[in-house]
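First up is the structure itself, then whatever we jot down about it.
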Amino acid sequence: MDFILEAAVRAVKTLFATDISKESLGLQQTRKEFEGEITLVVFPLTKVSRTSPEQTGTAIGKFLVNEVEEIESFNVIKGFLNLSLKNSYWLRIFYQEINQSNFGVFPSNGKKVMVEYSSPNTNKPLHLGHVRNNLLGYSVAEILKANGYEVIKANLVNDRGIHICKSMLAWQKFGNGETPETSGLKGDHLVGKYYVLFDQEYKKQVEELKNQGETEEQAKKNAPLIREAQEMLQQWEQGNPQVISLWMDMNEWVYAGFAETYKKLDVDFDQYYYESNTYLLGKSLIDEGLEKQVFFKKEDGSVWIDLTADGLDEKLVLRADGTSVYMTQDLGTAQLKYDEYHTDKALNVVGNEQDYHFKVLYLILKKLGKTWAEGLYHLSYGMVDLPSGKMKSREGTVVDADDLIAEMEVTAKAQTDILGKARDFPEEEKQDLYHIIGMGALKYFLLKVEPKKRLLFNPNESVDFQGHTGPFIQYTYARIRSVLTKGNFISDPNFIPVKTVSAVEKDLIIQLEQFPVFLAEAAENYSPAVVANYVYELAKTYNKFYHEESILKAEEETVKVFRLQLSAVSAQMIKKSMNLLGIEVPERM
RNA sequence: GCACUUGUAGCUCAAUUGGAUAGAGCACCUGACUACGGAUCAGGAGGUUUGGGGUUCGAAUCCCUACAAGUGCACCA
């Protein structure tokens, strides 16, 4: 559309004797209710034209029709100059851009980005909140890849700390040697069971102590179970062989469980980091900071940074006993990641409860003089809430990831059975289909919302399969595939181009042409929701086209071929967009 | 208490980054198949964009203020 802007600049210079920049002009798609495809907003130009918006628009419109070959006609409504472009222009866009194999493919931009996501604790199975994280991280990584970045997907596993010791201790005390094999439980669920059990037993002890006259605070500190857990953590840090061995066993169970869930979610990682390896790393950075006088030491030996000048607090970066805190560790991990990959950007996909932490983390790194810290970004997303409020794993009010996935497949099967379309599919294809549709519904549901907004999930109302949903888009794809098959479509370079296009066809071409724009916007905003909304609009436009124009019974063979080509490209763009969201599309459903 | 985020139809979400009469889906009502796949399409009804000020030719969007919800403010991670 640059040529229109350039012509408009010339128009302003000729008509009003003023130089303006292209950037100061606003082009937008013409609203559906008006004639035309492209609209120039002329309000800002009335200052230099010194006439009404209507007169200004008309003057520029006349100039453009005369000067620009591709512009067919114009109309002015209020301060909006609506331009209609010639059929030949839209057909050229279709044949020379959209219908080429490299359409929508961004060349490498030579930049490297790491996307850290998932980052689970190893003391309990994944729940709906983690699902949102995983889908977001995966999708953003794919979107960046499609924008020409080299992407490294990383998973920082939180495999150490007091919470793991709680599961370990409960297992030791009450587990009777239970394993995933003997219990038939998925490893992460088995470990999670003991995490819950710990909490239950711990609460009992606290109650007992309170009955004996201790305050709540005292009781929470003095309960034998928590003391034992703390002791276990100390032993872990000292390398006690029994504790380490138990820790390794239970972590293995959890990893096996996670691997299964990741597979079902279809997410993957190029690099794993383990906090048990990285938690000590930050200490050299603490020394560095002390040397540079970015940090200061208090009398008790603890190390702090004063961020009050930046409107934040004083923040502890190293304990008095010399052990590392969360911040120490994350400073170290950030440095480690940079040293290994020298990335231009690095994202942390982490919930918005940690907004403050990352703000501080990035600021500290900048103060330490790490220029690469400019490329760090916290992709913060809202919590997933239930109608009853927040999910709490210890109170059993979580929506478990594995249960949810299974339920989605059951619902997908039920829907498919009602419609009866897959009745004679082979059994294996049916199973695949239920998974594709169920996950399509779930993933689309979670990704169509802007990341930073909180998400309400009602487990009692199953996720929709109609309307603004994943299955709607999948259906559109499957139907196109069906038409292409029936029309014996093979992409043939020796086609005869058509000369005219209908209104819907034009809409569809415009929609398709927008793909790279939205793809770039999705990357800029780190927002899969942009892609989700785009592909929905595209599917809707295609469906309208499908209903209004006959493809296989087109008036002429050339028109039929054109419509098949248009359909084929639409299918490709739908598939491509859905894949960016981590959603598969079925060939039939 | 302080800080950050959010507030749009009954419900779930959009709004080309300040542009036209605020758009979709679900739910509700009315239509469209002797079929290129009805998980679709066409139409109806539904709004003081939380309230109040301000900036602007123009505000859901920017500023101020009040309210509501969420999150954070550990020598936990």
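We use all heavy atoms of the structure for the numbers below, so side chains are in, but hydrogens, waters and symmetry mates are not. Just so it is clear: chains get the letters A, B, ... in the order the sequence lines come, proteins before strands, and each one is counted from 1.
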Next on the checklist: Just N and O in the side chain of A:Arg50: are any of them under 4.0 Å from OP1 or OP2 of B:C57?
Outcome noted: no
Checklist entry - Going by the angle between their ring planes, with limits at 30° and 60°, are A:Tyr272 and A:Tyr274 parallel, tilted or perpendicular? => result parallel
Item to check | Base B:A20 to side chain A:Asn82, donor-acceptor N/O within 3.5 Å cut-off | outcome: yes
Item to check | Gap between atoms CD and P, on A:Gln474 and B:G37 respectively (whole Å) | outcome: 18 Å
Checklist entry - Is the aromatic ring centre of A:Phe43 closer than 5.5 Å to the centre of the six-membered base ring of B:G19, with the two planes inclined by less than 30°? => result yes
Checklist entry - Salt-bridged, A:Asp355 to A:Lys359, with N to O below 4.0 Å? => result no
Checklist entry - Under 3.5 Å, is there a donor-acceptor pair linking the side chains of A:Glu549 and A:Ser502? => result yes
Checklist entry - Reckon A:Thr416 touches a base, only the sugar-phosphate, or nothing at all at heavy-atom distances under 4.0 Å? => result base
Item to check | Ring centre gap for A:His357 and A:Tyr326 strictly below 6.0 Å | outcome: yes
Next on the checklist: Checking side-chain polar atoms at under 3.5 Å, does A:Asn155 have a donor or acceptor matched by the opposite partner on A:Tyr273?
Outcome noted: no
Next on the checklist: At 4.0 Å (heavy atoms only), tell me whether A:Pro44 reaches a base, stays on the sugar-phosphate, or touches nothing.
Outcome noted: base
Checklist entry - Going by 5.5 Å between centroids and 30° between planes, is there a stack of A:Tyr536 over B:A24? => result no
Item to check | A:Lys486 vs B:C36: side-chain N/O to OP1/OP2 distance below 4.0 Å | outcome: no
Item to check | Between B:A32 (C1') and A:Glu548 (CD): distance, integer Å | outcome: 13 Å
Checklist entry - Under 4.0 angstrom, heavy atoms only, what part of the nucleic acid is A:Met383 near: base, sugar-phosphate, or nothing? => result nothing
Checklist entry - C1' atom, B:A22 versus B:U17: distance in rounded Å? => result 16 Å
Checklist entry - Taking atom types as modelled, is there a side-chain donor on A:Glu116 or A:Asn348 under 3.5 Å from an acceptor on the other? => result yes
Next on the checklist: How many whole angstroms separate atom CG of A:Leu379 from atom P of B:U5?
Outcome noted: 16 Å
Item to check | Phosphate-side-chain proximity, A:Asn352 and B:U71, N/O vs OP1/OP2 below 4.0 Å | outcome: no
Checklist entry - Quantified in whole Å, what is the C1' atom distance between nucleotide B:G47 and nucleotide B:A15? => result 14 Å
Checklist entry - Does A:Ser550 make a side-chain N or O approach to OP1 or OP2 of B:C36 shorter than 4.0 Å? => result no
Checklist entry - Do the rings of A:Trp247 and A:Trp236 sit parallel, tilted or perpendicular, given the 30° and 60° boundaries? => result perpendicular
Next on the checklist: Under 4.0 Å, counting only non-hydrogen atoms across every strand here, what does A:Lys540 touch: a base, just sugar-phosphate, or nothing?
Outcome noted: sugar-phosphate
Next on the checklist: Listing request: all salt bridge (Lys or Arg N to Asp or Glu O under 4.0 Å) pairs with a residue in residues 322-333 of chain A, at least two apart in sequence or in separate chains.
Outcome noted: none
Checklist entry - Which value, in whole Å, describes the distance between the P atoms of nucleotides B:A3 and B:A66? => result 11 Å
Item to check | Rounded C1' spacing from B:A27 to B:A9 in Å | outcome: 12 Å
Checklist entry - Cut-off 3.5 Å, side chains only: do A:Asn543 and A:Thr476 have a donor facing an acceptor? => result yes
Checklist entry - Is the aromatic ring of A:Phe34 within stacking range of B:A20, meaning centres under 5.5 angstrom and planes under 30 degrees? => result yes
Item to check | Pair A:Gln511, A:Glu537: side-chain N/O donor-acceptor within cut-off below 3.5 Å | outcome: no
Item to check | A:Tyr202 and A:Phe198 aromatic ring geometry - parallel, tilted or perpendicular at 30°/60° bounds | outcome: parallel
Checklist outcome for this item: Given the 90°-from-0 boundary between syn and anti, B:U17 should be labelled syn
Checklist entry - Do A:Tyr279 and A:Asp159 get their side chains close enough for a donor-acceptor pair, meaning under 3.5 Å? => result no
Next on the checklist: If you only use heavy atoms from C-beta on, which nucleotide in B:C73, B:C41, B:G37 is closest to the side chain of A:Val483?
Outcome noted: B:G37
Next on the checklist: Side-chain N or O of A:Arg481 versus OP1/OP2 of B:C36: is the shortest distance under 4.0 Å?
Outcome noted: no
Under 3.5 Å between N/O atoms: give me all the protein pairs with nucleotides 13-17 of chain B, atom names plus distance.
from: B:A14; atom 1: OP1; to: A:Glu450; atom 2: N; distance (Å): 2.8
from: B:A14; atom 1: OP2; to: A:Lys453; atom 2: NZ; distance (Å): 2.9
from: B:U17; atom 1: O4; to: A:Glu521; atom 2: OE2; distance (Å): 3.3
from: B:U17; atom 1: O4; to: A:Asn525; atom 2: ND2; distance (Å): 2.5

Next on the checklist: What contact category does A:Phe472 fall into here, base, sugar-phosphate, or nothing, at under 4.0 angstrom with non-hydrogen atoms?
Outcome noted: sugar-phosphate
Checklist entry - How far does the P atom of B:C11 sit from the matching atom of B:U16, given to the nearest Å? => result 23 Å
Next on the checklist: Of the options B:G19, B:A77, B:A20, whose atoms approach the side-chain atoms of A:Val41 most closely?
Outcome noted: B:G19
Next on the checklist: Using a 4.0 Å heavy-atom cut-off, does A:Glu33 contact any base of the nucleic acid, only the sugar-phosphate backbone, or nothing at all?
Outcome noted: nothing
Next on the checklist: My understanding is that only one of A:Thr541, A:Leu566, A:Val504 makes a side-chain contact (heavy atoms from CB on, under 4.5 Å) with A:Ile509; could you say which?
Outcome noted: A:Leu566
Item to check | Near-ring test A:Tyr444/A:Phe472, centroid separation under 6.0 angstrom | outcome: no
Checklist entry - A:Thr39 near the nucleic acid: base, sugar-phosphate alone, or nothing, with a heavy-atom cut-off under 4.0 Å? => result base
Checklist entry - Counting side-chain heavy atoms from CB outward, which of B:A77, B:A24, B:C36 is closest to A:Tyr546? => result B:C36
Next on the checklist: Pick the closest RNA chain B nucleotide for A:Ile77 and for A:Glu353 by heavy atoms, then say which residue is nearer the 5' end.
Outcome noted: A:Ile77
Item to check | Shortest side-chain distance from A:Ala320, nucleotide among B:C36, B:C4, B:C75 | outcome: B:C75
Checklist entry - Once you round it to whole Å, what is the distance between C1' of B:A24 and CD of A:Gln511? => result 13 Å
Checklist entry - Hey, does A:Arg563 reach any base, or is it just sugar-phosphate, or nothing, if we go heavy atoms under 4.0 Å? => result nothing
Item to check | d(CD1, A:Ile551; P, B:C36) in whole Å | outcome: 10 Å
Item to check | Atom-to-atom span, CZ of A:Arg479 to P of B:C36 - whole angstrom | outcome: 12 Å
Checklist entry - Which residue, A:Asp385 or A:Asp300, contacts RNA chain B at a nucleotide closer to its 5' end, judged by nearest heavy atom? => result A:Asp385
Next on the checklist: Rounded to whole Å, how long is the line connecting atom CD1 of A:Ile38 with atom C1' of B:A20?
Outcome noted: 16 Å
Checklist entry - Using the P atom in both, what is the distance from B:A14 to B:A77, to the nearest Å? => result 35 Å
Checklist entry - How does RNA chain B read in dot-bracket, base by base from 5' to 3', with Watson-Crick or G-U pairs under 3.5 Å and | used when the partner is on another strand? => result (((((((..((((.....[...)))).(((((.......))))).....(((((..]....))))))))))))....
Item to check | Distance in angstrom units between A:Ile473 CD1 and B:U40 C1', rounded | outcome: 14 Å
Checklist entry - Can you tell me how far C1' in B:C33 sits from the matching atom in B:A42, rounded to whole Å? => result 14 Å
Next on the checklist: Applying a 4.0 Å non-hydrogen cut-off, can you work out what A:Glu549 is touching in the nucleic acid: base, sugar-phosphate, or nothing?
Outcome noted: base
Checklist entry - If you measure from the P atom in B:G53 to the same atom in B:A60, how many Å do you get, rounded? => result 14 Å
Checklist entry - Given B:G19, is OP1 or OP2 found less than 4.0 Å from the side-chain N or O atoms of A:Lys78? => result no
